Amino acid sequence: MNQNIQEPIFLHDTQTGGKVELRTIESGKVGIYCCGPTVYGLTHLGNTRAAVVPDVIVRFLRHQGYEVKYVRNLTDIDDKIITLGREEGIESAAVAEKFINAYHEDLAGLNMVQPDVEPRVSEHIPHILELVGTLIDKGLAYEVDGDVYYRVRRFKTYGKLSHRSLDEMLEGAGSRIEVDERKESPLDFALWKSVKPGEPSWESPWGPGRPGWHIECSAMSSTHLGDSFDIHCGGRDLIFPHHENEIAQSQGAHGVDSFARFWVHNGFINFDGEKMSKSLGNFFTTRQITALYDTETVRYFLLTVHYRSGLNFELEVTCPACGGLLNKTEQDSGLCPSCGNQATVEELKGRVRFPGLEEADDRLAYIYSTLAKARTFLSTAKRPGNEDPVLDSVAEMVSGFVAHLRNDFNTGGALGVLSKPLGEINGLLASGKGVGKATRWLTIESFVSGMEELAGIFGCFGQDPETWLRSRRDGKAARNGLDIQRVEALLVERQEVRAAKNWEAADRIREELTDLGVGVQDGPEGSNWSFL
RNA sequence: GGCGGCAUAGCCAAGUGGCUAAGGCGACGGUCUGCAAAAUCGUUAUCCCCAGUUCGACUCUGGGUGCCGCCUCCA
């Protein structure tokens, strides 16, 4: 880890719309606030991406020597939580608790760093009341019948983050939603909502009620990071109105120069070319995915693309009879156009594949198997006495990776840096031809230690390779209903006929294994198997 | 309608005012192998269209086209 911060880091800031150098309020320290989930359901892949992105940022900044305070909130008071509680006949606090636990469970598998603080709205009611009071005192908010609204027109820079003007917004306002006539302006938003029957409420100077959306983040960020802090993260869809309103609240209460200096917004996960979202209903929960793929694979997948880009999540369904790809209508009907097979819904479910995850899984397996072989090599081959230089691609691996992250946390570019060293290492492992003994050993060692360092930043590649590979294979076997004992027995049998150079029999057994979906790799030390 | 973003090979996806436009998947060819597989090596693009700025643009500016997002809850 670098003790001194030397190289500048650039990041894209939504407010200025361009790439800027990260200059923190206090040298060597970073305060990050990440908008966490509203806990009214299981987190989907998009929510998970919004957590993985700041996770890598935090890890990277720490690697670069920054002292980071990472705050990620939980919104546990919200209309949807209340509605859900009412539907299910349970306290809304219990609903929140249930989904907070689920959120933690889902993230735990994805190797996330713990936030330093994970504040909840319900714990910050006094701060919220104080903030609302300040805004009223300053003339930036007003009370109507127990509700408190923010007086948007009084906040001169409203719209700066989302790049829109009050007038533009006023034109559009009212066309899509009903306007509450009690508000001074249609754009004014609620800071405090008076209680309605059957809702949870807290006492306030304006009567019992609960906080509006937006205000909680202003309260929690100032409580834990101060009135001004460095980076504010969240999904692109929070830019307006959520983050715009946070700015209005916080700067309104604490002064124009306060609040976040840099705004980092991640792109969406797209499914079928459209944003994956709870309101559209076209989402996959994180646990649906982690039931099918290794959690580290999911994490890797989420980081294969730059965080500001959309990430396509694709689904493939093949015909159970002929293996042909089915399009959307064929997936619904189950009728295969090429072979005429009529598949049942259950059969089709077993034919669902996610190519992006599949690819990520294979890539990760390639990386881990390289690491496994490299470690075996280092533990069996003797360390040379002389110190020859290691191969360039490996020597430059960590710095190249880091350089990409310094450029707006470009994880996709960073991963590309690994390809060359991986190829060279596999080459060195296969043969020592053309390189000196010392170079060979030291290059492999340098690769292994480099990957360990990168694992700290990336949150992948850090497990024991053999363990990861084994659990991946076992997991797949279980999901595919593969009888491992049978596979092993066939391998033993094949080993015997191969020893007798009975190639015909060996090939026959291999075909049998192929039918089971198993591929065989023959090597000098016996045969290995993997999924095709 | 307003605002914002994107457009790079068969697919996914980095990137830069001028050096061979990363990388992955796929495909094809070689090495390795009993044959395969795995691994490895090689091949596989001139960057949506038009105009401009420039000695030079895929990269900057203007216009167009297409896609997406936000403007209502949303990561």
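Lettering of chains follows the sequences in order, A, B, ..., and the numbering in each one begins at 1. In this text, all values refer to a predicted model and were calculated from it rather than measured experimentally. Below, all heavy atoms of this structure are taken into account, side chains as well, without hydrogens, waters or symmetry copies.
Residues satisfying the side chain to side chain donor-acceptor pair (under 3.5 Å) criterion with A/K476, sequence neighbours excluded, are absent altogether. Listed by chain and residue number, nothing satisfies the side chain to side chain donor-acceptor pair (under 3.5 Å) test with A/T443 (two or more places apart in sequence, or in another chain).
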Nucleotide N/O of nucleotides 5-8 of chain B paired with protein N/O under 3.5 Å:
| from | atom 1 | to | atom 2 | distance (Å) |
| --- | --- | --- | --- | --- |
| B/G5 | O2' | A/R236 | NH2 | 3.3 |

Close N or O pairs between protein and nucleotides 59-61 of chain B (under 3.5 Å):
none

Below 3.5 Å is the cut-off: list the nitrogen or oxygen pairs between protein and nucleotides 9-13 of chain B, distance only.
| from | atom 1 | to | atom 2 | distance (Å) |
| --- | --- | --- | --- | --- |
| B/C12 | O3' | A/N312 | ND2 | 3.4 |
| B/A13 | OP1 | A/N312 | ND2 | 3.3 |

Would you list the protein and nucleotides 42-47 of chain B atom pairs, both N or O, that sit under 3.5 Å from each other?
none

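An OP1 or OP2 oxygen of B/A14 is reached within less than 4.0 angstrom by no side-chain nitrogen or oxygen of A/N410. For A/Y366, a side-chain nitrogen or oxygen approaches OP1 or OP2 of B/U40 to under 4.0 Å. In terms of phosphate contacts, A/N47 brings a side-chain nitrogen or oxygen within less than 4.0 Å of OP1 or OP2 of B/A75. Not one side-chain nitrogen or oxygen of A/K275 sits closer than 4.0 Å to the OP1 or OP2 atom of B/A75.
Figure legend: cation-pi geometry between A/K19 and A/F10 absent, as NZ or CZ is not positioned both under 6.0 Å from the six-membered ring centre and within 45° of its axis. Remark: A/K278 is positioned above the aromatic ring of A/Y40, its terminal NZ or CZ atom under 6.0 angstrom from the ring centre and at most 45 degrees off the axis. Judged by the 6.0 Å distance and 45° axis criteria, A/R164 is positioned over the aromatic ring of A/F240.
Distance check on atom P: B/G15 versus B/C60 gives 13 Å, rounded to whole Å. Atom name P, nucleotides B/C25 and B/A51: the rounded distance is 39 Å, in whole Å.
Within the 4.5 Å cutoff, the side chain of A/L315 has heavy atoms near those of the A/Q331 side chain.
Counting distance only, with no hydrogens placed and no angle test, the side-chain atoms of A/N407 and the base atoms of B/G15 include no donor-acceptor pair under 3.5 Å. In the interface, the side chain of A/N270 is not paired with the base of B/C68 through any donor and acceptor atom under 3.5 Å apart.
Residues A/L45 and A/G523 each lie close to RNA chain B; by heavy-atom proximity, the contact nearer the 5' end of the strand is made by A/G523.
Less than 6.0 angstrom separates the ring centroid of A/H232 from the ring centroid of A/F259.
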